[in-house]
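Heads up, the thing below is written out as C-alpha cells.
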Amino acid sequence: MQDQPDRPDFRIRPMQEADADRVIAMIAALSAHEGAPPPPMDAAELIRWSLGDDARFSALVAERRGRVVGYALFHESFHIGRGRPGSALMDLFVDRGHRRRGIARALLAAVARTTLARQGDWMTWQAHPRNVEALTFYEAIGARRFAAADFEMADKALERLIHE
C-alpha cells in the first residue's frame with residue numbers, strides 16, 4: 001500500500017505503529033456510536049494483527065494537519081460466486097469534526113486501489129442498521145445494499161460446535 005497523493009488538507013497512508021493508540025481510540029468511538037462496548041483489543045494487539053509477522057488485516061489511516069482522523073481496516077477475501085478475490089472492509093471511521101471533507105470516500109478509494117492491485121474486483125462491508133449517517137453515505141457513493149442474513153458464532157457457541 002502506497003501513500004495516496006496529498007489532498008488539499010489530508011492524506012491517506014498505511015497505518016504505522018505510532019498510530020496504533022489513536023486508531024484504538026477511534027475504534028472505541030465507532031463502537032460507542034453503534035451502542036456497543038469497545039472491542040477488547042489494545043494498541044499492541046492492533047499492531048500484531050495488522051502489522052506483525054502474522055498480520056490478518058490491513059490498516060489505512062487518514063491524516064489531516066498532522067493528526068490521524070480516520071481509518072479503514074480490511075482483509076483479503078474470495079467470492080466463490082464471482083470466482084474472484086476481493087476485500088472485506090471491517091471498519092471505516094472518520095472523526096466527527098473531520099467529516100464531509102472527502103476523507104471516508106478517499107479511504108474507501110484507497111481500499112479499492114489495494115483490492116485492484118491484488119487482482120481483486122469487489123469489496124463488501126456491513127453497516128449497523130441504525131447508523132443512518134453511514135447508510136446514507138454508502139448509498140450516495142453508489143454502493144448497493146446486499147440482502148443477506150448475517151450470522152455470527154463465537155465463544156462458547158463456537159466451542160460447542162466443535163465438541164458436540
Side-chain angles (χ1 to χ4, degrees), residues 1 12-62 68-96 103-104 107-139 141-164:
M1 282 178 281
I12 307 299
R13 62 172 174 76
M15 186 187 81
Q16 301 167 358
E17 283 189 23
D19 304 320
D21 285 324
R22 179 73 183 114
V23 172
I24 285 293
M26 289 186 295
I27 289 170
L30 176 58
S31 292
H33 176 73
E34 294 178 342
M41 186 166 84
D42 62 14
E45 289 176 315
L46 178 64
I47 291 166
R48 173 187 178 193
W49 296 117
S50 64
L51 298 173
D53 292 336
D54 197 26
R56 303 295 173 95
F57 61 90
S58 299
L60 298 173
V61 296
V68 172
V69 299
Y71 71 90
L73 306 178
F74 63 101
H75 61 86
E76 292 183 75
S77 192
F78 197 89
H79 192 301
I80 295 298
R82 294 181 62 88
R84 303 286 302 155
S87 293
L89 181 70
M90 301 181 318
D91 262 5
L92 175 71
F93 181 81
V94 176
D95 276 339
R96 184 161 302 282
I103 295 172
L107 283 163
L108 280 174
V111 174
R113 273 190 287 284
T114 301
T115 301
L116 292 170
R118 293 175 176 169
Q119 300 180 10
D121 69 356
W122 60 272
M123 291 175 15
T124 189
W125 62 90
Q126 298 172 321
H128 195 286
R130 291 187 308 254
N131 192 341
V132 175
E133 192 175 10
L135 298 172
T136 301
F137 167 68
Y138 294 141
E139 290 173 355
I141 64 168
R144 70 177 177 96
R145 280 196 192 193
F146 189 73
D150 292 332
F151 292 90
E152 179 181 80
M153 185 177 278
D155 304 322
K156 294 193 184 297
L158 195 63
E159 290 178 30
R160 276 194 308 273
L161 179 65
I162 294 169
H163 299 295
E164 289 181 355

Indicate the atoms forming the closest heavy-atom contact of Phe137 with Ala104, along with that distance.
-> CZ-CB, 3.7 Å
Report the residues that fulfil salt bridge (charged side-chain N to carboxylate O under 4.0 Å, His left out) with Asp54, sequence neighbours left out, ordered by chain and then residue number.
-> Arg56
Could you give all pairs that pass the ring-ring contact (aromatic ring centres under 6.0 Å, His included) test and reach residues 143-164, with sequence neighbours left out?
-> none
Go through the steps for Val111 and Trp125 under the test side chain to side chain contact (heavy atoms under 4.5 Å, CB included), then give the verdict.
-> CA-CA 12 Å; Val111 174; Trp125 62 90; over 6 Å; no
Shortest non-hydrogen separation from Ser50 to Met15 and the atoms involved = OG-CE, 3.1 Å
Show which side-chain atoms of residues 20-37 pair as donor or acceptor with protein atoms under 3.5 Å away, not counting sequence neighbours.
residue : atom : partner : partner atom : Å
Arg22   : NE   : Val68   : O            : 2.8
Arg22   : NH2  : Val68   : O            : 3.4
Arg22   : NH2  : Asp95   : OD1          : 3.4
Arg22   : NH2  : Asp95   : OD2          : 2.1
Ser31   : OG   : Ile27   : O            : 3.3
His33   : NE2  : Asn131  : OD1          : 3.3

Between atom CZ of Arg160 and atom CG of Asp155, what is the distance when rounded to the nearest 0.5 Å?
-> 10.0 Å
What are the two closest non-hydrogen atoms of Val61 and Pro14, and how far apart are they?
-> CG2-O, 4.3 Å
Taking all non-hydrogen atoms of both residues, which atom of Leu89 and which atom of Phe74 are closest, and how far apart?
-> CA-CB, 3.9 Å
Sub-4.5 Å side-chain heavy-atom contact between Thr114 and Arg118 | yes
Looking only at heavy atoms, what is the nearest atom pair of Leu135 and Pro129, with distance?
-> CD1-O, 3.4 Å
Scan the side chains in residues 40-49 for donor-acceptor partners under 3.5 Å anywhere in the protein, sequence neighbours excluded, and list what turns up.
residue : atom : partner : partner atom : Å
Asp42   : OD1  : Ala44   : N            : 3.2
Asp42   : OD1  : Glu45   : N            : 2.9
Glu45   : OE1  : Asp42   : N            : 3.3

Does any non-hydrogen side-chain atom of Arg113 lie less than 4.5 Å from one of Ile12?
-> no
If you measure from OG on Ser77 to CE on Met123, what distance do you get to the nearest 0.5 Å?
-> 12.5 Å
Residue pairs meeting side chain to side chain donor-acceptor pair (under 3.5 Å), one or both in residues 79-90, sequence neighbours left out, come to Arg82-Asp121, Ser87-Thr115
Residues two or more places apart in sequence or in another chain: which of them pass side chain to side chain donor-acceptor pair (under 3.5 Å) with Glu139?
-> Arg145
Closest approach of Ala110 to Leu60 (non-hydrogen atoms, all atoms of both residues) = CB-CD1, 3.5 Å
